Amino acid sequence: MNASRGTRMDRAVQKRLNNCFITIESSEDRHKQIIQSTVAKRAYQIFERRGCKHGFDLEDWVSAEKELLHDDFHGNTSEFHFLLECPRDPEVTTILRLTTHSLVVFRSHAQLVSKVDNRPDVLSVHVLPEEIDPAQADVKVVDGLLHVYMPKKNNYYTSPI
């Protein structure tokens, strides 16, 4: 598949674009679990960084949410557009998991495959304020960036690239 061309996703299908996998999830519950466990892991890291002092769990949780949950939506347009770094390292894979209300971005490193806990790291979580049709998502690689276009449900879509 040509890196400069877009990829239209079919439901329940995983597509590959260079070092990027795009998966459409049918379960919103699975994404909620991923989001909650990611925030909990980050909150615990903040707790450890502070010297394991108890009594700040709510502050740690809120800080973790602010770091991970992105609210980067601009105006009242017909689509959501995300720019994500796309490492050119062949050992690094970016994984995009989409549902009708969220995008979770993971990064996987080939050298971790042999480790016991070889799950990819969550880079960011985008909870969408409006429903999208994941099958209509379009992903392009331009100048080392992944351009992810997700049209809002029931809107016509034309890619600007």
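Nothing here was measured: the structure is a model prediction, and the numbers come from that model.
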Review point. What's the spacing between Met150 CE and Leu98 CG if we round to 0.5 Å?
Key: 6.0 Å
Revision key, fill the gap. Between His126 and Leu84, the two heavy atoms sitting closest are NE2-CD2, 4.5 Å
Exercise for review: Would you please name every residue forming a side chain to side chain contact (heavy atoms under 4.5 Å, CB included) with Asp143, sequence neighbours left out?
Suggested key: none
Review point. Above 12 or not: heavy atoms from other molecules or residues under 6.0 Å from CD of Glu48?
Key: yes
Check your understanding: Rounded to the nearest 0.5 Å, what separation is found between the CD atom of Glu67 and the OG atom of Ser124?
Key -> 12.5 Å
Practice item. If you link ILVMFWY side chains whenever their heavy atoms are less than 4.5 Å apart, which other residues fall into the same cluster as Phe47? By chain and number, please. Key: Tyr44
Check your understanding: Hey, are the side chains of Lys140 and Leu146 touching, using non-hydrogen atoms and a 4.5 Å cut-off?
Key -> no
Exercise for review: Could you please spell out the steps behind the side chain to side chain contact (heavy atoms under 4.5 Å, CB included) verdict for Asp138 and His147?
Suggested key: CA-CA 8 Å; Asp138 192 23; His147 291 252; over 6 Å; no
Practice item. Starting from the C-alpha separation in whole Å, work towards a yes-or-no answer on side chain to side chain contact (heavy atoms under 4.5 Å, CB included) for Ile132 and Lys153. Key: CA-CA 4 Å; Ile132 64 158; Lys153 191 96 175 187; 5.9 Å; no
Study note, to complete from the structure: Sequence neighbours excluded, the answer for side chain to side chain contact (heavy atoms under 4.5 Å, CB included) partners of Gln45 is Lys41, Arg42
Check your understanding: Say you draw a straight line from CD of Glu131 to OG1 of Thr100; how long is it, rounded to the nearest 0.5 Å?
Key -> 4.5 Å
Point to revise | Evaluation steps, side chain to side chain contact (heavy atoms under 4.5 Å, CB included), between Leu128 and Glu130 | key: CA-CA 5 Å; Leu128 307 173; Glu130 294 182 47; 6.0 Å; no
**Study point:** side-chain hydrogen bond (donor to acceptor under 3.5 Å, both in side chains) against Ser102, all qualifying residues, sequence neighbours excluded
**Key:** His31, Thr99
Study note, to complete from the structure: CD of Gln136 to CD of Glu79, rounded to nearest 0.5 Å, is 12.0 Å
Point to revise | Spacing of Leu103 atom CG and Arg97 atom CZ [to the nearest 0.5 Å] | key: 11.5 Å
Check your understanding: Hey, are the side chains of Pro87 and Thr94 touching, using non-hydrogen atoms and a 4.5 Å cut-off?
Key -> yes
Review point. Do Ile46 and Leu68 belong to the same hydrophobic cluster, where Ile, Leu, Val, Met, Phe, Trp and Tyr are linked whenever their side-chain heavy atoms lie under 4.5 Å apart, directly or via other members?
Key: no
N/O donor to acceptor pairs below 3.5 angstrom from side-chain atoms of residues 55-64, sequence neighbours left out:
from: Asp60; atom 1: OD1; to: Arg50; atom 2: NH2; distance (Å): 2.6
from: Asp60; atom 1: OD2; to: Arg50; atom 2: NH2; distance (Å): 2.2
from: Trp61; atom 1: NE1; to: Glu65; atom 2: OE2; distance (Å): 3.0
from: Ser63; atom 1: OG; to: Glu59; atom 2: O; distance (Å): 3.0

